[in-house]
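Scroll down for the structure; my scribbles are underneath it.
What's counted below: heavy atoms across the whole structure, side chains too, no hydrogens, waters or symmetry copies. All chains are named by letter (A, B, ...) in the order of the sequence lines, taking the proteins before the strands, and each is independently numbered beginning at 1.
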Amino acid sequence: MADFFAMHGYAAYVWPAYAVFAIALIADAVAPVFAHRRILRDLAGRLRRAASRKSP
Amino acid sequence: MSIAAETESAPLLQARSLRFARNEEEIFGPLDFSLHPGDVVLIEGDNGSGKTTLLKVLSGLLEAKSGSVLLHGAPLTLAKLSHQVALLGHLLGLKLELSALENLRFATGMGGIRSGITPQLALASVGLEGFEDAPLRTLSAGQRKRVALARLLLVPAALWLLDEPYANLDRGGIDLVNRLLDHHARRGGAALITSHGAYAFTSGTPRRIPLRATA
Amino acid sequence: MSIAAETESAPLLQARSLRFARNEEEIFGPLDFSLHPGDVVLIEGDNGSGKTTLLKVLSGLLEAKSGSVLLHGAPLTLAKLSHQVALLGHLLGLKLELSALENLRFATGMGGIRSGITPQLALASVGLEGFEDAPLRTLSAGQRKRVALARLLLVPAALWLLDEPYANLDRGGIDLVNRLLDHHARRGGAALITSHGAYAFTSGTPRRIPLRATA
Amino acid sequence: MNPLLLWFHKLGSPPYFYRFAGRWLPWLYAIALVTGAIGFYGGLALAPADYQQGDSFRIMYVHVPCAWMSLFAYLFMAANGFVALVWRIKLSEILAMASAPIGAAFTFVTLVTGSLWGKPTWGTWWTWDARLTSELVLLFLYFGVIGLYHAIEDRRQAARAAAFLALVGIVNLPIVHYSVIWWNTLHQGSTVSFLGPSKISADMLWPLLTVAFATHVYFFASLFARARVALLELESGKDWVRGLLPATEAAHG
Amino acid sequence: MKPGTASAACIALLRRDLLLVWRRRGDALNPLLFAIIVVALFPFALGPETTVLARIAAGTIFVAVLLAMLLSLDALFRSDLEDGSLEQLVLSPHPLSLLLGCKILVHWSTTALPLIVVAPLLAQLLQLPAQVLPVLLAALALATPLLSLIGAVCVALTVGMRRSGMLLTLLVLPLIVPALIFGAGACNAAQDGFAYAAPLLWLGAWLAMAAILAPLAAAAALRISLT
Amino acid sequence: MKPGTASAACIALLRRDLLLVWRRRGDALNPLLFAIIVVALFPFALGPETTVLARIAAGTIFVAVLLAMLLSLDALFRSDLEDGSLEQLVLSPHPLSLLLGCKILVHWSTTALPLIVVAPLLAQLLQLPAQVLPVLLAALALATPLLSLIGAVCVALTVGMRRSGMLLTLLVLPLIVPALIFGAGACNAAQDGFAYAAPLLWLGAWLAMAAILAPLAAAAALRISLT
Ligand code: HEM
Ligand SMILES: Nc1ncnc2c1ncn2[C@@H]1O[C@H](COP(=O)(O)OP(=O)(O)OP(=O)(O)O)[C@@H](O)[C@H]1O
Ligand SMILES: Nc1ncnc2c1ncn2[C@@H]1O[C@H](COP(=O)(O)OP(=O)(O)OP(=O)(O)O)[C@@H](O)[C@H]1O
Ligand SMILES: [Mg+2]
Ligand SMILES: [Mg+2]
């Protein structure tokens with residue numbers, strides 16, 4: 001197992017490559033989730049403002 | 001065209017034979033007037049007659065060619081200015097990327113705050129309830145102007161210099177400005193406002209100073 | 001708020017249930033109106049009600065969300081525009097470094113010239129005799145506006161779209177605009193003008209289209 | 001109408017697409033995750049070490065799929081941009097703009113993993129050879145598209161302007177792909193071929209193709225997620241969006 | 001009533017724009033000064049070693065000229081946008097691509113031409129071998145119009161934005177990298193005594209293509225970004 | 001009634017300006033991209049020969065960073081001027097030099113700091129020898145605040161003008177040539193194996209002086225150019 005992680009001396013190149021791949025794609029996958037939430041929240045705020053504009 | 005208002009107390013603002021010239025071109029002639037607590041004075045003139053220039057001279061942003069400006073009896077310099085003057089110009093000094101509340105918080109951080117009022121309250125009293133968190137970019141010109149008026153309410157300045165406060169505002173907004181001016185005068189402040197005279201004022205006429213191009 | 005003017009001849013300009021939206025936010029609702037030769041129509045609305053936007057849609061600079069604009073009965077596209085429409089916007093399209101005459105010469109080079117008029121004559125008829133060679137930078141805002149009005153006189157366009165033509169002008173200037181509109185209508189042109197209604201019109205009231213924010 | 005055409009037509013309607021994409025999203029993510037895991041296991045544990053490069057060749061299983069995806073995403077973006085410009089289809093604008101950040105991410109990973117691979121094999125992190133350079137230009141093009149899209153306020157106009165730029169920049173794609181043929185470069189030429197026989201052994205090849213499949217599926221998953229967000233933003237005035245709100249307001253208390 | 005012809009419109013536009021450059025000649029000289037300063041900085045940054053300077057002379061001059069042009073590109077339509085002239089241009093009944101072609105021509109002849117004229121001076125500052133100078137001038141003469149043309153397309157795309165200067169840089173640079181590679185490549189080949197005709201011919205072919213397509217693309221882009 | 005204190009004003013200003021940078025983070029990244037692009041252009045212009053690139057690496061990075069900062073300087077007060085915030089700042093009762101110091105601090109930390117962070121990447125692109133990198137970073141860390149400070153004085157002088165970008169360049173560059181000579185000189189010395197402490201110490205001394213004097217000078221200049 002340790003052998004596997006050592007990659008015959010290439011661990012310093014192989015694992016960072018996979019790490020960059022994982023980090024980039026996770027960041028890419030998470031971004032729309034947050035954006036989705038933010039937009040729904042903004043929209044709710046906008047509707048509330050519109051409601052308060054009409055009520056008085 | 002000099003107007004002199006003699007009262008006993010030291011005037012809040014006094015202009016003595018004030019002249020301004022740009023490259024030797026006279027912009028406005030010798031002006032003499034004084035503002036006491038409770039005064040609201042309207043400066044009227046056509047486009048290009050020098051209203052904006054006058055306000056800048058009075059606030060110390062421009063230097064007069066001759067004559068002097070006294071604040072509480074002492075000559076005015078930019079360096080000595082302290083929480084006494086609030087200027088509202090053609091440009092409002094607000095950031096479009098920030099919300100109304102963020103803009104007002106910055107203003108109170110810079111200039112201090114009157115007792116008994118909060119940014120939220122100020123926004124509500126200019127009719128912007130519900131717009132606290134909207135970036136200013138999404139507000140209309142009139143609404144932006146109202147945010148600038150809310151700033152006037154917050155900051156503890158006795159003298160208001162307002163350049164065309166009625167511009168961009170609808171009739172409700174014009175009413176609001178008149179109410180604010182009234183309120184400010186009643187609590188002992190003074191205000192100098194300008195207009196080129198095309199708008200309908202709804203409240204009682206304040207004292208007027210006509211400004212005419214000297215050329 | 002639809003106004004329909006039925007006449008036999010094909011209208012110069014016709015809007016059919018015209019709507020505009022920016023980022024899904026409705027700016028103005030369905031509008032129906034038509035302009036015949038000799039018509040002058042005033043579009044009135046508060047700040048931010050969409051007057052400027054409407055003029056841009058009518059000139060093809062912005063695309064309508066739905067509905068159509070017909071010019072002489074044919075759908076309007078920017079590419080097919082030909083010497084028929086003159087637009088005067090908030091921005092005048094004049095170069096401050098050039099003189100009034102140089103600006104007008106450029107305009108006639110680009111757009112052609114009516115018979116029986118020269119740039120000099122046009123400048124004289126807007127009251128700018130003697131200012132032919134002064135760089136525009138040295139003219140006042142009102143005088144610049146007059147140069148733009150002189151351009152309207154020169155260029156052979158049947159339809160004038162004027163955004164706030166009265167802004168920046170004194171009472172004499174407002175009279176001038178009304179005279180120009182009258183003259184244009186009498187020779188068979190049509191004009192659509194906007195205003196937020198704070199200025200005093202001195203001539204007879206034209207047809208009005210109220211514009212109100214749809215939100 | 002042809003049922004397939006009808007379906008495409010329906011797909012073009014924002015609320016339908018929003019729901020359609022929402023339904024497929026979890027499945028796409030799951031498929032990508034599972035096939036990716038299988039491919040990586042095959043590549044990292046099962047495939048034999050390369051006789052020349054030793055274990056460093058295992059970087060291939062991220063580098064090559066990402067490199068392919070960087071080109072594929074651009075092609076997808078440009079094709080949708082073309083449709084958006086010519087037929088003004090709103091969904092195409094959205095898809096074009098949604099693929100830009102994903103493509104940029106893949107391009108970035110390609111550049112980084114390529115560098116990580118280059119150090120042990122070529123002895124340098126970076127050289128200015130044609131393949132590497134044109135891939136860097138590709139990243140800048142993605143940045144340009146994204147920057148342009150965010151710099152214009154009107155969303156639809158922004159999408160059209162950025163789509164136009166994407167179309168202009170498409171000249172770079174053949175340069176990336178054929179650079180190893182047109183110029184003599186350090187970077188190695190095509191080893192995987194889908195028409196003729198591949199120059200790579202089968203037990204090395206199948207994990208590569210599996211990961212490539214996973215990244216394609218992931219691309220569409222991320223695309224759908226981003227497109228849903230963009231649709232919400234663009235259609236925020238519409239009733240169907242307002243219909244989504246009460247639930248979220250309740251969630252916020 | 002005399003409707004304007006397209007050729008009259010082009011002449012009017014050329015005359016006005018040249019007149020404007022003359023009236024603002026202080027501004028017009030700025031790209032020139034920028035390029036001179038950038039080139040002048042290099043001896044400070046690298047030390048005055050003649051061999052090093054000579055080796056990088058052609059490339060540095062090329063980069064400096066391209067950067068100077070790039071920074072001036074931003075102003076190509078800006079003042080026209082700010083004072084509403086651009087709207088009038090788009091609304092004019094003449095082919096927009098023709099009018100934009102005129103504007104591009106004015107841009108090139110008022111920014112790139114002076115840069116090419118001072119290039120021998122810059123070459124002198126960096127000790128460029130004399131036999132490379134003609135190649136450098138030829139490469140610049142081919143690459144700068146290419147930049148004006150491609151740049152105009154990108155400017156047209158970004159014209160509606162506030163503070164677009166840096167975004168513009170980002171958009172233009174990747175597209176002109178080939179011009180740089182071929183132009184500077186020709187100079188370097190000449191310096192090393194190799195054949196330099198092929199890259200120059202490539203540049204010429206591109207220029208011919210861009211001269212036809214870029215005004216059309218710029219017109220399309222301008223319509224997109226104004227509406 | 002609570003009149004504001006100077007420290008509250010500084011905090012409010014710092015918070016607002018950082019918030020603004022965050023809201024416009026797309027714009028804020030532009031100098032970074034510009035520097036990367038300029039550095040990336042050099043290998044194209046010079047060919048990918050490692051020895052040549054390594055020889056000019058430090059100097060080129062220095063020039064690129066300074067140019068990127070220079071181009072971003074223009075925006076230091078521009079948006080404040082355009083929306084009237086600058087007038088309000090000048091009219092505020094707090095010492096203007098203190099407020100400008102805050103603005104300079106924000107400018108440095110949002111443009112120069114990212115540039116210093118990516119400098120190792122740029123060094124890699126140009127094959128800078130690894131042992132020079134620390135010297136390069138130290139030199140940048142000393143020279144960039146100097147540029148922010150001196151630049152602020154020049155911006156304050158030109159703030160009222162239209163299209164002052166290039167004029168600004170002209171004003172700032174002669175003033176920062178010494179910083180360039182010493183900073184890049186230290187790197188070149190380190191690369192050639194010589195002592196490099198002296199030029200860095202000089203830079204540090206200048207920086208200390210500029211940190212005190214420049215805000216005062218900028219305040220004076222701003223008052224002059226606004227009135
Ligand atoms: C920063 C450095 C690198 C960059 C930017 C880069 C970029 C690319 C790109 C864009 C492709 C896809 C080409 C296409 O499908 O048309 C690719 C494929 C490939 N790269 Fe790299 N690469 C880099 C370094 C390396 C290194 C060091 C190696 C191995 C020694 C390598 C091996 C491969 C292989 C085997 C392929 C697949 C070729 C095929 O079958 O199509 N790359 N690379
Ligand atoms: N920065 C400047 N440089 C040179 N002249 C100026 C400048 N600002 C204003 N002027 C000139 O000074 C005169 C007075 O201008 P000012 O702005 O004070 O007029 P105003 O009464 O405020 O007009 P408006 O009603 O348009 O606001 C005008 O003739 C104007 O052209
Ligand atoms: N470029 C733009 N981007 C986004 N929204 C805009 C833009 N221009 C105008 N708007 C918005 O569209 C609406 C209509 O604006 P428009 O300029 O047409 O109003 P208007 O009636 O001409 O007002 P005014 O009397 O101030 O000229 C306003 O709410 C405004 O905020
Ligand atoms: Mg004024
Ligand atoms: Mg308007």
pair A/L43-D/V241: side-chain heavy atoms closer than 4.5 Å: yes
Proximity breakdown for D/A104 and chain A, heavy-atom pairs closer than 4.5 Å: neither
Partner chain D: residue of A/I23, A/D28, A/V33 with the largest heavy-atom pair count (under 4.5 Å): A/D28
Nearest non-hydrogen partners of A/V14 and D/I59, listed with the distance: CA-CG1, 3.9 Å
Any side-chain heavy-atom pair of D/S56 and A/Y13 under 4.5 Å: no
Approximate separation, where rounding is to 0.5 Å, of A/Y18 OH and D/L116 CG: 12.0 Å
Contacting moiety of A/L25, where chain D heavy atoms sit under 4.5 Å: both
More than 12 heavy atoms from other groups under 6.0 Å of OH on D/Y29: yes
More than 12 heavy atoms from other groups under 6.0 Å of CH2 on D/W27: no
Contact class of A/I39 relative to chain D, heavy atoms under 4.5 angstrom: side chain
Parallel, tilted or perpendicular, as decided by the 30° and 60° cut-offs, for the rings of A/F21 and D/F40: perpendicular
Proximal component of D/F106, with respect to chain A [non-hydrogen, under 4.5 Å]: side chain
Per-residue contacts, residues 211-231 of chain D versus chain A, heavy atoms under 4.5 Å: D/T215, D/Y218, D/S222, D/A225, D/R226, D/R228, D/V229
